Trainee: 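Please see the structure below; I have some questions.
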Amino acid sequence: MIIRDRYAPSPTGLQHIGGIRTALFNYLFARSVQGGKFILRLEDTDRTRFDESYVQNLYDTFEWLGLAWDEGPAFENRSFSAGGGQFGPYIQSERTHHYKKYAQELLDKGQAYYCFCSAQRIDEVRRQREASHSSETGYDRFCRNIDPQEAAKKAASGEACTVRLKIPLGEATLFNDHLLGGIEWKNDDVNPDPVLLKSDGFPTYHLANVVDDHLMEVTHVLRAQEWLASTPLHVIMYRAFGWTPPEFCHLPMVMGQDGKKLSKRHGATSIDEFRKQGYLPAALLNYVALLGASYEEGKDIYTLDELAQRFSLEKLNKAPAVFDYKKLEWYNGQYIRMMSDDELAQQCLPYAADAGLFSGEKEEAAKQMDTFTRAIPLVKERLVFLNEVPEKIAYLFKEPQLPAAEEFIPKKSDLAKTIELLQIGKELVCALAEAPDDGHAESLIKAEAEKRDVKLGDLMMPLRVAVTGSRVSPPLFGSLRILGADCSAERVQKALEKLKLQSEDKTGCK
């Protein structure tokens, strides 16, 4: 069988983890067999909540993740580079003629009917039911038994109306779900005669979804389990048309570690948030692909192609998937360290620019860019997020504010001894900055520590704080080489003056 599946988001919000997990599983499933097709479709018939910015967010997300779909109508004025070459997604608001045609087919077959109930009447029915504590919900089928010819005349005369599906009452709908098995649903518990075509001529989600899946020859529908309750209604519609339904597979929910559906209270959920925080798309895809699926024992890191080669519906789990932010952070760190220094610099560059690390005239900017590129190897092993880079290397671009004297003092030492240590550091700093590599620099400072009979760590501590402004910083020797001998010596001298001044103040108080 040639697999044809789709991701069909409604552009009424930002793309989030749950949606992208659905998109990714459909993408991998289509790519797992030769000739498989992954379709992107915008279900934009809810015009009250539609926003063009959400459409752009979808395109931006697919471009960032590197997910490409396989077919669609010709797409002009493309604002992104992902996707099926010159093709855009299918857009339901541009396909209303299909839905009107098939709504009319159901009317002609007696499987649907015109409804002339106003919103006010439907609201009043709901209020009356609530007041009487009735167990009945939804539409009361008031227009279901109007003579079809009379109803058609009223609709043709321009009277406002919708088209509703006539649910077969007193029956049950059976269907199979690949993951959940056989499911039976009483028709009386299905949404009572749902609207298929709204009074403005736009279809509802249910009609457009079923018609498009049929016309696009979708063979498999992989979607979140929250859509399970819609499936009996869709199966009823397929049978009303005389069509064969696709195979359904309702994916396990994505939960927070508290067992509740993943939401903002757990942390970032929109892909935009993860992107701004400095996650790599490959790391996010790798981790999301494991939410509810297994691939190979003893292996954690996969390329997109490797995931596609290993993906199958049989490897999906029924149990909800738990989103672990710490695990995702681990993946991000692994992918950062797998990148070359040049690749990582390019990825981090936008964050550095946004943080204002680069400023000044052309010549100065070139110097700052060189500093930035040389600094990346210093922080690579310590990075979890790309957006951490500006803060970690800021001291290389702007002289840091010196902290309080206590920060310079090694454990079990005092201010006077620290001044002596920093004086030794001052004598060494130019040679350390000019050493060709860390090995040579370490040999120099170790030899000096032995000569002076001081601990290596105690000697390096005040020197590190003087140069970087912090006890915790990227490697000291690499920092000295980037700053250069003159700049490094100047910073040490300023730190010495600060400590000496404080020592004199304390002596004067005694």
Side-chain angles (χ1 to χ4, degrees), residues 1-7 15-40 61-62 64-70 82 177-181 218-226 246-257 259 261-262 266 268-269 271 274-275 279-339 384:
M1 172 189 284
I2 299 299
I3 292 171
R4 292 177 60 84
D5 61 17
R6 67 355 181 232
Y7 177 52
Q15 293 299 300
H16 53 83
I17 286 295
I20 287 303
R21 199 274 300 263
T22 298
L24 179 58
F25 279 10
N26 278 280
Y27 174 92
L28 296 175
F29 187 42
R31 296 286 184 274
S32 69
V33 297
Q34 187 173 3
K37 297 295 183 182
F38 171 60
I39 298 166
L40 180 65
T61 299
F62 265 63
W64 183 64
L65 293 174
L67 298 180
W69 59 95
D70 296 315
D177 182 274
H178 189 92
L179 194 60
L180 304 177
V218 169
T219 60
H220 294 77
V221 171
L222 279 62
R223 58 187 178 188
Q225 284 186 12
E226 60 195 80
E247 183 171 347
F248 295 100
C249 181
H250 289 87
L251 306 172
M253 299 288 285
V254 180
M255 317 294 278
Q257 290 189 305
K261 183 179 177 182
L262 190 69
H266 297 108
T269 58
I271 305 305
F274 288 104
R275 187 176 182 178
Y279 284 93
L280 289 167
L284 191 64
L285 286 173
N286 193 153
Y287 179 64
V288 170
L290 302 177
L291 293 175
S294 56
Y295 298 85
E296 182 179 322
E297 287 293 329
K299 184 175 172 67
D300 295 304
I301 305 295
Y302 300 91
T303 65
L304 202 55
D305 286 343
E306 288 173 336
L307 288 167
Q309 291 168 8
R310 292 164 171 77
F311 187 89
S312 72
L313 298 185
E314 282 66 37
K315 294 180 180 179
L316 297 178
N317 304 320
K318 289 184 179 181
V322 177
F323 194 91
D324 186 341
Y325 288 87
K326 289 296 181 184
K327 187 68 173 177
L328 176 57
E329 290 177 13
W330 178 85
Y331 270 98
N332 208 53
Q334 295 300 307
Y335 273 87
I336 284 174
R337 279 168 273 294
M338 287 191 293
M339 299 174 75
V384 176

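All residue numbers in this chain count up from 1 along the given sequence. All heavy atoms count here, side chains included; hydrogens, waters and symmetry mates do not. No experiment lies behind these values; they were computed from the predicted model shown.
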Trainee: I need the minimum non-hydrogen distance between L28 and L304, along with the two atoms involved.
Mentor: CD2-O, 3.9 Å
Trainee: Roughly how far apart are K37 NZ and T219 OG1, rounded to 0.5 Å?
Mentor: 12.5 Å
Trainee: Could you check whether F25 and F311 have their ring centres less than 6.0 Å apart?
Mentor: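 Yes, they do, as the ring centres are separated by less than 6.0 Å.
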Trainee: Looking only at heavy atoms, which two atoms of L316 and A293 are closest? And how far apart?
Mentor: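 Scanning both residues completely, I find the closest heavy atoms to be CD2-CB, 3.9 Å.
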Trainee: Which atoms form the tightest heavy-atom contact between I39 and W69, and what is the distance?
Mentor: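 Reported closest heavy-atom pair: C-CB, 4.5 Å.
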Trainee: Does any non-hydrogen side-chain atom of L180 lie less than 4.5 Å from one of Q225?
Mentor: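 Side-chain contact under 4.5 Å: yes.
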Trainee: Quick one: side chain to side chain contact (heavy atoms under 4.5 Å, CB included) partners of K318, sequence neighbours excluded?
Mentor: L179
Trainee: Can you tell if the side chain of Q257 reaches within under 4.5 Å of the side chain of K326, non-hydrogen atoms only?
Mentor: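 When only atoms from C-beta onward are counted, K326 and Q257 do not touch, as no gap falls below 4.5 Å.
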Trainee: What I'd like to find out is whether the side chain of I301 reaches to under 4.5 Å of the side chain of Y335, using heavy atoms alone.
Mentor: yes
Trainee: Decide yes or no on side chain to side chain contact (heavy atoms under 4.5 Å, CB included) for D70 and R31, but give the supporting numbers first.
Mentor: CA-CA 10 Å; D70 296 315; R31 296 286 184 274; 2.8 Å; yes
Trainee: For the residue pair Y287 and F323, does the interplanar ring angle fall in the parallel (under 30°), tilted (30 to 60°) or perpendicular (over 60°) class?
Mentor: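 Because their plane-to-plane angle is over 60°, the rings of Y287 and F323 count as perpendicular.
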Trainee: What residues form a side chain to side chain contact (heavy atoms under 4.5 Å, CB included) with E306, not counting sequence neighbours?
Mentor: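 Once residues adjacent in sequence are excluded, the partners of E306 under the side chain to side chain contact (heavy atoms under 4.5 Å, CB included) criterion are K299, Y302, T303, R310.
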Trainee: Does CD belonging to E296 count more than 12 external heavy atoms closer than 6.0 Å?
Mentor: yes
Trainee: Grab the two heavy atoms, one from L307 and one from A289, that are nearest each other, plus how far apart they are.
Mentor: CD1-CB, 3.7 Å
Trainee: Ignoring hydrogens and angles, write down the donor-acceptor pairs under 3.5 Å from the side chains of residues 249-256, residues two or more places apart or on other chains.
Mentor:
{"from": "H250", "atom 1": "ND1", "to": "D177", "atom 2": "OD2", "distance (Å)": "2.7"}
{"from": "H250", "atom 1": "NE2", "to": "R223", "atom 2": "NE", "distance (Å)": "3.2"}
{"from": "H250", "atom 1": "NE2", "to": "T231", "atom 2": "OG1", "distance (Å)": "3.0"}

Trainee: To the nearest 0.5 Å, tell me how far F274 CZ sits from T269 OG1.
Mentor: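 Rounded to the nearest 0.5 Å, the CZ-OG1 separation comes to 7.0 Å.
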Trainee: What heavy-atom pair brings L65 and L284 nearest, and what distance separates the two atoms?
Mentor: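 So the minimum-distance heavy-atom pair works out to CD2-CD2, 4.4 Å.
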Trainee: So, taking the atom named OH in Y27 and the one named OG in S32, what distance separates them when rounded to the nearest 0.5 Å?
Mentor: 11.5 Å
Trainee: Is there a side-chain contact between Y331 and L290 in this structure, where contact means two heavy atoms from C-beta onward sitting under 4.5 Å apart?
Mentor: yes
Trainee: Check whether any side-chain heavy atom of K315 lies under 4.5 Å from a side-chain heavy atom of S294, and answer yes or no.
Mentor: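 With C-beta onward as the side chain, the pair touches.
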Trainee: Could you tell me whether the side chain of L67 reaches within less than 4.5 Å of the side chain of L24, counting heavy atoms only?
Mentor: yes
Trainee: Say whether, by atom type as modelled, one donor and one acceptor occur between the side chain of N286 and the main chain of D300 under 3.5 angstrom.
Mentor: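 Flag set: sc N286 to bb D300 pair under 3.5 Å.
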Trainee: Nearest 0.5 Å please: distance from the CZ atom of F38 over to the CZ atom of R6.
Mentor: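 So the gap between those two atoms works out to 10.5 Å.
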Trainee: Restricting to non-hydrogen atoms, name the atom on N332 and the atom on Y279 that form the minimum distance, rounded to 0.1 Å.
Mentor: OD1-CA, 3.3 Å
Trainee: Within this structure, what is the CZ-OH distance for the pair F62 and Y7, rounded to the nearest 0.5 Å?
Mentor: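 F62 CZ to Y7 OH: 6.5 Å, rounded to 0.5 Å.
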Trainee: Starting at CG of L313, measure out to CD1 of I3 and round the result to the nearest 0.5 Å.
Mentor: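 Reported to 0.5 Å precision, the distance equals 7.0 Å.
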